[in-house]
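See structure below.
Both counts, for ligands and for their atoms, begin at 1 and track the order of listing.
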Amino acid sequence: MIIYTSQDRTSICSRGMKLAIALLVLSVMYKPLCVRAQAIPSIEKSDGHLHLLVDGKPFFVLGAQVHNSSGWPAALDQAWPVLAAMRCNTVSVPVYWEAIEPRQGSFDFSTIDAIVLGARAHNLHVVLSWFGTWKNGAMTYVPAWIKENPKKYPPVVDSAQHPVEALSPLGEASREADRKAFAALMTHLKSIDGAQHTVILVQVENEAGVLGSDRDYSPQGNARFHEQVPSEVLASLGRTNEHGTWPEVFAERAPEAFMSYWTARYIDSVAEAGKSAYPLPMYVNVWPREQPGLLRPGFSSPSGGAVAWLLPMWKRLATHLDVICPDIYDEDEDSYQNLLALYSRPDNPLYVPETGGSIAHAKNMFLTFASQNAIGISIFGVDGHMSAQNLESFKGWGSEVAMNFALFGPASEAFRSLSDAGHLKVAVEEEGLANPGLSFDQFDVAVRFGPVLNGYGGPRGRGNPQRNGRVLVGQISPDEFLIGGMNANLIFAPKLGSALTHAMLVTVEEGYFEAGVWHTERLLNGDETAFGVTLKPHGSLLKVKVRAY
Ligand code: DGJ
């Protein structure tokens, strides 16, 4: 052990400090030469398609969100190994208003620091979810000094004049307080991550709106409800020829339209405050009401969120939000596909901030992978289902999503550019649908799920026992395809109408992508291709060249 006297320490310190100052001066003088600061994450349009850019390159979020109470260092320590097993590239973590501003104006960012440093140590990007005024249509995450002062921070009041456990979007003091807290968070984030870009996206609030009433029936709420609907609302919804109060224009849908308008203005203002400090891309997640059985705004789902029929209004009013996106827990393929279509617009990238971990969710995830303008998807609640102790037996919930991430992650750049070019198609197995067809410029592809057996109509897939087949087929050129997926078998035929009748497999390469470059591991042939091109249960990535004759 070396023991220093206090004099030694002073001189070591001052020598150290001199060196540090010299390095700092040098780094400032020569910054353009040695550190090329990358642009902060952003959402950009190129060649007509929207992309999330991280350090200047398109990035597809393969995310996993931890549980609501897991944004704390101790809980995160349990989550890191699970996230590694999920094979995600991004972790989505909540940030709690009550934790960062326990006393008004006094901030504690230790949880943020732990999230960012932990993610860096585990080679992950971060999506931060701001649990501020709203969390699932309630005010559960606002600090105690707000909960305990309803006079200053008014809640929604229901039609029986009872307060509901949700702040009113009409409350100016609430909005100002949220703006200040969120701006302080973004200022801190810039100071710790402005150069490194570990955090790439920020969610503003969580499933906003109110549960427990369809609108605010307070005196202020009633007065506002009987004001004229602003012309920009009418214009955004294509109703320029109409005018009148909210109930006059929207009848039984008025409470929801009214709440949604004020919530959009409130959240946009919070996002604006955050962006003035550090302009990362920001989004809101929506509890969509399009799901079957969830039909009553304010009771079965929050009243005031960006539900699909009001999406055009949000896009027009909430200009500080880059993305408005649905949490999709639907297992049914048609309703999943419907939500993707509703929220994908030329001005709204497609992001699924929350989905589940069942086999059906893993299959539906392939629909997101293939969608135009998609920037990512995230599975919710991974740390509840698995723990560092049971990773070995990681087979059930979430495991098929992890297989998706492992397969799609390194190949995402290739698949996404095929999607941008309009050359990517997807097939997922459904009960009673084991033989979907895909059509390309010169070839038709029959996808067979499950054992291929002869019967009426020739050899056909009989379905996988777990109905977990899924496949992406991208046309690289008219006779070359990139194929990724699980539990499927594919055969090619010259496109219907062609003069040729047969298709020959020229080469079937099995391989992987590394840093965007394709590497062939082996050529498949013989028994491995004689009965079609087979995709293994844990996933296969293939490059296939075909020839019609
Ligand atoms: C949707 C919410 O956004 C999440 O925070 C979480 O509460 C899940 N629902 C629970 O399933």
Side-chain angles (χ1 to χ4, degrees), residues 61 63-72 75-76 79 82-83 86 88 90-100 111 115 126-142 165-167 201-212 260 263 267 270-271 282-294 296-308 314 321 323-332 335-336 339 343 350-358 360-362 364-365 368 376-386 396-398 401:
V61 178
Q65 184 166 164
V66 294
H67 269 291
N68 289 164
S69 302
S70 301
W72 299 93
L76 285 172
V82 176
L83 293 160
M86 277 308 300
C88 54
T90 303
V91 58
S92 183
V93 191
V95 174
Y96 320 112
W97 189 358
E98 64 177 354
I100 69 157
T111 50
I115 294 165
V126 174
V127 174
L128 282 185
S129 292
W130 172 234
F131 285 11
T133 295
W134 286 284
K135 165 70 175 78
N136 297 23
M139 57 185 275
T140 42
Y141 281 90
V142 304
E165 201 186 343
L167 290 181
L201 272 177
V202 179
Q203 179 183 301
V204 193
E205 316 294 346
N206 190 86
E207 293 189 344
V210 53
L211 269 181
S260 195
T263 307
I267 298 182
V270 172
M282 295 188 183
Y283 71 90
V284 289
N285 65 331
V286 182
W287 178 333
R289 211 183 50 265
E290 284 64 32
Q291 294 173 68
L294 300 179
R296 287 259 165 197
F299 297 95
S300 52
S301 58
S303 177
V307 288
W314 278 72
L321 296 171
V323 195
I324 294 173
C325 41
D327 292 338
I328 316 186
Y329 287 91
D330 289 23
E331 296 202 321
D332 172 66
S335 29
Y336 188 99
L339 280 169
Y343 283 86
L350 186 64
Y351 180 53
V352 180
E354 290 181 34
T355 194
S358 70
H361 292 127
N364 289 340
M365 190 171 271
T368 302
I377 183 163
S378 186
I379 174 177
F380 177 81
V382 282
D383 50 334
H385 291 267
M386 305 184 278
W397 189 97
V401 169

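At least one donor-acceptor pair under 3.5 Å links the side chain of Glu205 to the backbone N or O of Trp134.
Of the polar atoms of Asn68, at least one N or O is found under 3.5 Å from an N or O of ligand 1, judged by distance alone.
For atom 3 (O) of ligand 1, the closest heavy atom belonging to the protein is Glu354 OE2, 2.6 Å.
Aromatic ring pairs are classed by plane angle as parallel below 30°, tilted from 30° to 60° and perpendicular above 60°; the pair His361 and Tyr329 is perpendicular.
Set against the non-hydrogen atoms of Asn285, the atoms of ligand 1 under 4.0 Å away are 3 (O). Each of the following atoms of ligand 1 lies closer than 4.0 Å to a heavy atom of Asp327: 3 (O). Near Asn206, with a cut-off below 4.0 Å to any heavy atom, the atoms of ligand 1 are 2 (C), 3 (O), 5 (O). In summary, the atoms of ligand 1 found under 4.0 Å from a heavy atom of Glu207, numbered by their order in the structure, are 1 (C), 2 (C), 3 (O).
No side-chain donor-acceptor contact under 3.5 Å links Tyr141 and Glu98. Using a 3.5 Å distance cut-off with no hydrogens or angles, the side chains of Thr368 and Tyr336 do pair a donor with an acceptor.
At least one heavy atom of Lys135 sits under 4.0 Å from some atom of ligand 1.
Atom CG of Leu167 is separated from atom CE of Met139 by 4.5 Å, given to the nearest 0.5 angstrom. How far CG of Leu128 is from CG of Leu201: 9.5 Å, rounded to the nearest 0.5 Å.
Looking at Phe380 against ligand 1, only its side chain comes within 4.0 Å, counting heavy atoms.
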